[in-house]
Number of protein chains: 2
Amino acid sequence: MGAGETGVIGRATLEDVARAAGVSLATADRVVNRRDGVRDKTIARVEAAVSRLGYRADPAAARLARNQNFRFLFVLPSGANSFMTMLAEQVARTAEWLAAQRAFIDVEHVDVFDADALARVLEGVLPGYHGVATIALDHPRVRAAIDDLADRGVPVVTLVSDVPSARRLHYVGIDNPAAGRTAATLMGRFLGGRQGVVAVIAGSLSLRDHAERLYGFNQVMAREFPDLIMLPAVQGRDDNEQTLAATEALLRQHADLVGLYNAGAGNRGIAAALQQAGRAQEIVWIAHELTPHTRRFLLHGEIDAIISQDPGHEARSAARVLLAYCSGDRLVADQERIGIDIFLRDNLP
Amino acid sequence: MGAGETGVIGRATLEDVARAAGVSLATADRVVNRRDGVRDKTIARVEAAVSRLGYRADPAAARLARNQNFRFLFVLPSGANSFMTMLAEQVARTAEWLAAQRAFIDVEHVDVFDADALARVLEGVLPGYHGVATIALDHPRVRAAIDDLADRGVPVVTLVSDVPSARRLHYVGIDNPAAGRTAATLMGRFLGGRQGVVAVIAGSLSLRDHAERLYGFNQVMAREFPDLIMLPAVQGRDDNEQTLAATEALLRQHADLVGLYNAGAGNRGIAAALQQAGRAQEIVWIAHELTPHTRRFLLHGEIDAIISQDPGHEARSAARVLLAYCSGDRLVADQERIGIDIFLRDNLP
DNA sequence: CTGTTAGCGCATTCAG
DNA sequence: CTGAATGCGCTAACAG
């Protein structure tokens, strides 16, 4: 028993279509796959049969017959903060899944802050790769490298950080200005009328995603919460040491600091500084990316909210987009939209 | 750099394994698929070859050879609030995708509030279905029906609303107590020290998911924000009219109403009542499920935050879980975890 | 322009 | 217990 009789409805096959249209399998295949070399009349006959029988190609069989493998290159940062480490792990996990789809990925690590190094890797992508996913950097040389790949017919998707002006196939990541606005709204509302100074830290102001977050943050703070005093953004280089120092300086200079938004990494530095100053609980601190560390700080009530993106989702999405492009499949658009997640300690995964 | 040496791009096939082990294709297949009738010695030989060559079955080829179709039944509510309508749409969209995987889904509608009707549908599931996904209802008869299906070997996944005590394969939905706690934290923090009364509306207190949300909400309110006065929950039956009436009553009786949490549907009723009373902007209102209506209320500043779940994700997840179970594939656990989404007007999709 | 044929990698009879 | 043979639905040469 079990798998009940496969019943009758074994759907129409290409052969059924061919027979119904009175042509050969090959011809049916030609029109279904929009290859030329078929008279308009027979095209019409076949298409009629297709819609009459409700034919839908079996992609599994097609891939098997085509016997084609894909090879993708993922370019990830070598400097490993927690989020990037998680991303790398998820890419590895995705690789297993992809292998089942006859697609393989190689990973190459490069210093994200170094545009030339990144561009060099992109420029040197070997032929034989069917697609590239990369953490991008908004720099002319990087943009040029991406465009060159596009010219060579290699689709590239940008991951986490975008280069909108390049001819990339797709951007897999969050809307960063919106993420900044989200942080600002939470900041303003959590502060609930308290007066004082709000500071902002970023990894680097020349990283597009960080800059965009600040832009969004400042926009909403100015418009919605004009009573709060915004400090100019300081840089922490996504590094715990430097962020610690920066935070200490802020605390020293502003006794009335009530809010802190870190648009980049280095949260352990902030935690250390706040704890040392004994002001961890009173200051509203909003951070990015759910990692083991930020999770702990959130649970302890130091971080008040985390704005995040799901690295697993991003890795899978990049792979799906590349694969769909290469094999001509459609993709479910809203499955590929990366959401701006908000985590409080109550809705942690 | 570049293409790590996977050497030749084609991976090992079962035939390669067979040859390497010095057995026939059939025998290799027997051990790979754990069928018996093979001597331990040859099993060992084959397994050695498998791991030596790093063999991984090609699922596409396997499905093709097996030539098997699956048929699933989705049981959805007939009473159509916006969220359920969206869910139904997403199920339809998922069906298209599933068809490509040789799996087909039928949808049956039933009144969710009627346990007997639901149980009847579940009891009457025709043989020939390989799996069932259903919006459940925590009722003995429904539980029994689910267990019967399980006994018949039909996997069932509960969707959106769970019956934890039943032998369902999987629950696809959010952690509702946690959702309630999330709402409470937002409520308390958005109120930022304001004093007054907080009201709660639910569709029905006998719906497990609504009850759980209230439980979580009350828990956090009592523990974290003891100064706010909690009103006993009122029922709106997930209906705009009744929810309107309930809200009007609340507004009439409590001039000091500062917060409103709706754990169910019927948000249009609330909006109407608040607008009429002219208190839409001052009351912190937290609602569930992002729909065209709640989105509008959020953008207009009436709703302050929406706690949500992604119906597209849920529909796809239910399908994937069923399909993976039926075809013996593993699934990516954390792709199937349904998150508790928080939407402010800044991070709307 | 159209048809014939030989696989793709695997599951499954049916013999031995 | 094991092996040879057949076919799933489709693609891709290669003939006509």
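The figures here come from the full heavy-atom set of this structure, side chains too, leaving out hydrogens, waters and symmetry mates. The sequence lines fix the lettering, A, B, ..., with proteins before strands; numbering per chain opens at 1. The shown structure was predicted, so the numbers you read here are calculated from the model rather than taken from an experiment.
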> Does B:R35 CZ have over 12 foreign heavy atoms under 6.0 Å away?
Replying inline: yes
>> Both B:A61 and B:R39 contact DNA chain D. Taking the nearest nucleotide for each, which residue is further toward the 5' end?
In response: B:R39
>> The criterion is side-chain contact (heavy atoms from CB on, under 4.5 Å); which residues satisfy it with A:L290, sequence neighbours excluded?
In response: A:T294, A:R295, A:I306, A:S308, A:F343, A:L348, A:P349
> From the list C:dT12, C:dG9, D:dC8, which nucleotide is the closest neighbour of the side chain of B:N67?
Replying inline: D:dC8
>> Considering every strand and a 4.0 Å limit on heavy-atom distances, what is the contact class for B:A60: base, sugar-phosphate, or nothing?
In response: nothing
> More than 12 foreign heavy atoms under 6.0 Å from CG of B:D36: is that the case here?
Replying inline: no
> Hey, is the side chain of B:T42 poking within less than 4.0 Å of OP1 or OP2 on D:dT2, counting only N and O atoms?
Replying inline: yes
> Of B:G37 and B:R66, whose closest DNA chain D nucleotide lies nearer the 5' terminus?
Replying inline: B:G37
> Rounded to the nearest Å, what distance is computed from the CG atom of residue A:L64 to the P atom of nucleotide C:dG9?
Replying inline: 7 Å
> Around atom CZ of A:R152, are there more than 12 heavy atoms of other residues, nucleotides or ligands at under 6.0 Å?
Replying inline: yes
>> If the threshold is 4.0 Å, N to carboxylate O, is there a salt bridge linking A:D147 and A:R168?
In response: no
> Roughly how many Å is it from CZ in A:R63 to C1' in C:dC8, rounded to a whole number?
Replying inline: 13 Å
> What integer distance in Å separates B:Q101:CD from D:dC8:P?
Replying inline: 21 Å
> Does any residue of residues 18-27 of chain A have a heavy atom under 4.0 Å from DNA chain C, and if so, which ones, in number order?
Replying inline: A:V23, A:S24, A:A26, A:T27
> To the nearest Å, how far apart are B:Q68 CD and D:dG7 C1'?
Replying inline: 16 Å
> To the nearest angstrom, how far is B:R35 atom CZ from D:dG3 atom C1'?
Replying inline: 14 Å
>> Without decimals, in angstroms, what is the distance between B:D29 CG and D:dA5 P?
In response: 17 Å
What are the atom names and distances for every N/O pair under 3.5 Å that joins the protein to nucleotides 14-16 of chain C?
none

> If you measure from the Lys or Arg side-chain nitrogens to the Asp or Glu carboxylate oxygens, is any gap between A:R141 and A:E123 under 4.0 Å?
Replying inline: yes
> Among C:dT12, D:dC10, C:dG9, which nucleotide sits nearest the side chain of B:D58?
Replying inline: C:dG9
